[in-house]
There are 2 protein chains.
Amino acid sequence: MTNLGDLEIFARVVSTGSMSAAGRTLGFSPAVISKRIKRLEDRLGTRLLQRTTRQISLTEAGQGFYDRVLGILTGIEEAEAYASGRSSQAQGVLRISAPTSFGRMHIAPHLTGFMKDHLDLKLHIVLTDDFTDIVADGFDMAVRIGELTDSSLVARKLAPVRRLLCASPDYIARNGAPTEIGDLARHFCLPAHNNDNWKLEGPEGSLVWHPEGPLVTNSSEIVRAAVIAGAGIALRSTWDIGPELRSGQLVQVLPQWEGSKNLTLSAVYPSRQFLPAKVRLFIDYLATLYGPVPYWEQ
Amino acid sequence: MTNLGDLEIFARVVSTGSMSAAGRTLGFSPAVISKRIKRLEDRLGTRLLQRTTRQISLTEAGQGFYDRVLGILTGIEEAEAYASGRSSQAQGVLRISAPTSFGRMHIAPHLTGFMKDHLDLKLHIVLTDDFTDIVADGFDMAVRIGELTDSSLVARKLAPVRRLLCASPDYIARNGAPTEIGDLARHFCLPAHNNDNWKLEGPEGSLVWHPEGPLVTNSSEIVRAAVIAGAGIALRSTWDIGPELRSGQLVQVLPQWEGSKNLTLSAVYPSRQFLPAKVRLFIDYLATLYGPVPYWEQ
DNA sequence: TGCCATTGTTTCCGAAATGGAAAAGCTCAA
DNA sequence: TTGAGCTTTTCCATTTCGGAAACAATGGCA
């Protein structure tokens with residue numbers, strides 16, 4: 001059967017994009033990398049990597065093999081951690097992908113609290129608003145906001161996401177508050193990235209509103225700043241503007257309407273028989289942190 | 001990182017129950033087995049096997065490690081099969097556990113049909129009525145009849161299980177047919193193994209009947225023979241007595257009552273990200289064979 | 001266009017590992 | 001008590017492994 005070292009080397013070559021780079025990070029000479037990749041391909045009877053001297057790309061078989069190998073390697077890691085008696089302790093590196101705004105506001109501040117309980121654990125956190133392929137990119141888990149769809153992943157709900165219409169008191173004083181949904185047409189609305197149609201639910205059922213306003217941006221951070229500065233009405237998540245609502249910097253408008261409810265904040269991870277302790281513990285930590293009623297809702 | 005051969009050797013030692021036996025099946029001398037088990041334990045810092053010279057048993061850490069290693073090994077097998085270009089073809093050995101009666105009557109006759117389409121595949125079929133731990137015992141999948149509960153396994157429904165009350169015409173001629181449920185008290189009933197209370201659903205809702213009769217056995221085959229021979233009334237699955245009902249060897253009694261409906265025939269397998277082709281294909285084969293309406297119901 | 005740095009591949013050689021035979025120590029059953 | 005069968009250790013031959021060096025190929029840059 002295949003040598004395990006070959007699988008590690010293959011995975012590293014793919015993740016670094018070059019044999020030489022893989023050799024450097026693993027402490028091998030390029031010659032070794034080349035020979036073992038070749039051996040692996042010979043044994044499988046398939047070409048895994050398409051290579052020129054300057055560039056390496058995965059063949060189709062290589063891509064599928066890579067996906068599987070990643071799972072195998074983390075499986076071995078988990079099995080070793082289990083047997084080493086630290087089955088219930090987090091160790092190694094936990095690689096997390098999370099949305100930028102939410103990560104900055106509601107994950108980053110709590111990391112130290114988690115890390116002090118798990119001294120053997122290193123955290124790698126990547127904030128991005130792309131829906132990365134967590135398995136191909138080598139993440140252990142991701143925090144996501146959205147509707148739960150992806151089939152090959154397991155999702156654990158962390159908290160509901162409530163989205164409200166809000167504006168600054170200043171803006172209301174100048175423009176008045178809308179009293180019914182149609183009034184929005186006479187207001188400045190602030191759509192955000194991927195959010196240029198607002199799915200709302202209210203007393204009369206649900207509808208989709210196409211907000212129009214003077215500001216278009218792909219940055220929800222800019223929208224956030226704008227609504228606080230009094231530029232208009234925005235549909236924002238409670239985790240985003242909870243403190244401003246409490247302090248009075250923002251007030252809710254049209255409180256009978258809320259954003260569609262099928263959004264959830266969830267942790268997703270590749271489906272495995274044995275979840276690594278580090279992943280389980282971190283998700284548990286987030287779940288108790290946010291649940292049952294998130295602190296930003298209180 | 002751990003050598004893969006060590007994991008294979010460890011798994012084989014556990015499954016054969018001895019180092020020497022593992023060595024014989026793998027083609028190694030006992031010395032090698034011993035050394036590599038020791039090396040594995042040293043690397044993990046844990047004792048995996050408790051051993052005397054005559055007997056070997058798993059420690060707790062060893063048990064958990066073994067469960068994980070099995071998953072890893074089949075994962076590697078699957079990854080190799082995928083990369084070898086035969087991703088959609090079944091190859092290797094498919095190990096199946098199935099209930100004795102059902103296996104004999106409705107799996108065994110169809111095996112050749114499956115095997116002629118998959119010449120690279122070997123089948124290992126174990127018929128048993130124990131609910132074995134399929135992962136610990138090294139099965140790829142099992143066919144089961146029952147309520148779906150086990151959490152760490154994935155179940156795919158193959159067919160519903162209908163159970164009817166039946167007797168031979170001969171018996172009816174001698175004893176008359178019951179017309180309402182209470183009449184059963186005046187009849188010979190034939191309970192089977194694990195089936196000494198009959199959960200029935202009928203026009204008046206559901207009830208549990210405790211059958212009493214002259215024959216008690218743990219063999220549903222004996223019950224089957226007895227009811228055909230005219231010994232009494234039994235609650236049997238349609239897959240078991242379909243032909244007899246059609247041929248008139250048996251007739252249904254109290255047709256307004258049926259066994260509780262929450263039994264299903266299903267295929268179960270360990271949850272994995274990548275299901276081996278051999279498992280997927282065999283389950284597909286059974287599903288099309290039995291569904292949507294099983295041939296024994298027609 | 002031509003140069004050059006970087007990358008992948010091959011060859012050869014010393015070093016490390018692997019596997020086996022033999023011997024020793026042990027346990028259980030006859 | 002004996003003997004068969006098991007695990008473990010030791011020692012040695014063999015295989016495998018990793019690296020240096022030489023070579024070939026590619027693409028960026030002047």
Looking at [X], I'd like to know whether one of its side-chain N or O atoms comes within less than 4.0 Å of OP1 or OP2 on [N].
{"X": "A:Ser18", "N": "C:dT6", "value": "no"}
{"X": "B:Arg51", "N": "D:dT8", "value": "yes"}
{"X": "A:Arg36", "N": "D:dG18", "value": "yes"}
{"X": "B:Ser29", "N": "C:dA21", "value": "no"}
{"X": "B:Ser34", "N": "D:dT7", "value": "no"}

Between protein and nucleotides 14-17 of chain C, what N or O pairs are separated by less than 3.5 Å?
from   : atom 1 : to      : atom 2 : distance (Å)
C:dA17 : O3'    : B:Arg39 : NH1    : 3.4

Taking [atom1] from [X] and [atom2] from [N], how many angstroms apart are they, rounded to a whole number?
{"X": "A:Asn3", "N": "D:dC17", "atom1": "CG", "atom2": "P", "value": "6 Å"}
{"X": "B:Arg47", "N": "D:dT7", "atom1": "CZ", "atom2": "P", "value": "12 Å"}
{"X": "B:Asp42", "N": "D:dT8", "atom1": "CG", "atom2": "P", "value": "11 Å"}
{"X": "B:Ile33", "N": "D:dC6", "atom1": "CD1", "atom2": "P", "value": "13 Å"}

Want to settle it: does A:Ala31 or A:Gln55 sit nearer the 5' end of DNA chain C, counting the closest nucleotide to each?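 The residue whose closest nucleotide sits nearer the 5' end is A:Gln55.
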Inter-residue atom distance [X].[atom1] - [Y].[atom2], 0.5 Å rounding:
{"X": "B:Asp67", "Y": "B:Leu70", "atom1": "CG", "atom2": "CG", "answer": "7.0 Å"}
{"X": "B:Arg104", "Y": "B:Leu127", "atom1": "CZ", "atom2": "CG", "answer": "9.0 Å"}
{"X": "A:Arg68", "Y": "A:Gln63", "atom1": "CZ", "atom2": "CD", "answer": "10.0 Å"}

Evaluate the ring planes of A:Tyr285 and A:Phe114, with Trp represented by its six-membered ring, and classify them as parallel (under 30°), tilted (30 to 60°) or perpendicular (over 60°). tilted
Parallel under 30°, tilted from 30 to 60°, perpendicular over 60°: which one fits the rings of B:Phe10 and B:Tyr66?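 Ring orientation, 0 to 90° scale: perpendicular.
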For a quick check of understanding: with a heavy-atom distance under 4.0 Å over all strands, which category does [X] fall into, base, sugar-phosphate or nothing?
{"X": "B:Gly27", "result": "sugar-phosphate"}
{"X": "A:Lys38", "result": "sugar-phosphate"}
{"X": "A:Ile56", "result": "sugar-phosphate"}

Side chain of B:Lys35 only, please: which of D:dT10, C:dG8, D:dG18 is the nearest?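 Ranking D:dT10, C:dG8, D:dG18 by closest atom to the B:Lys35 side chain puts D:dT10 first.
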Nearest to the side chain of B:Ser20, which nucleotide is it out of D:dG18, D:dT7, C:dT9?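 When the side chain of B:Ser20 is considered, D:dT7 is the closest of D:dG18, D:dT7, C:dT9.
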Exercise: do B:Glu80 and A:Thr2 side chains pair donor with acceptor under 3.5 Å: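 B:Glu80 vs A:Thr2: donor-acceptor pair found between side chains.
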Side-chain donor-acceptor pair present, B:Arg12, B:Thr25, cut-off under 3.5 Å: yes
Assign each of B:Ile37 and A:Phe28 to its nearest nucleotide of DNA chain D by heavy atoms, then name whichever residue's nucleotide is nearer the 5' end. B:Ile37
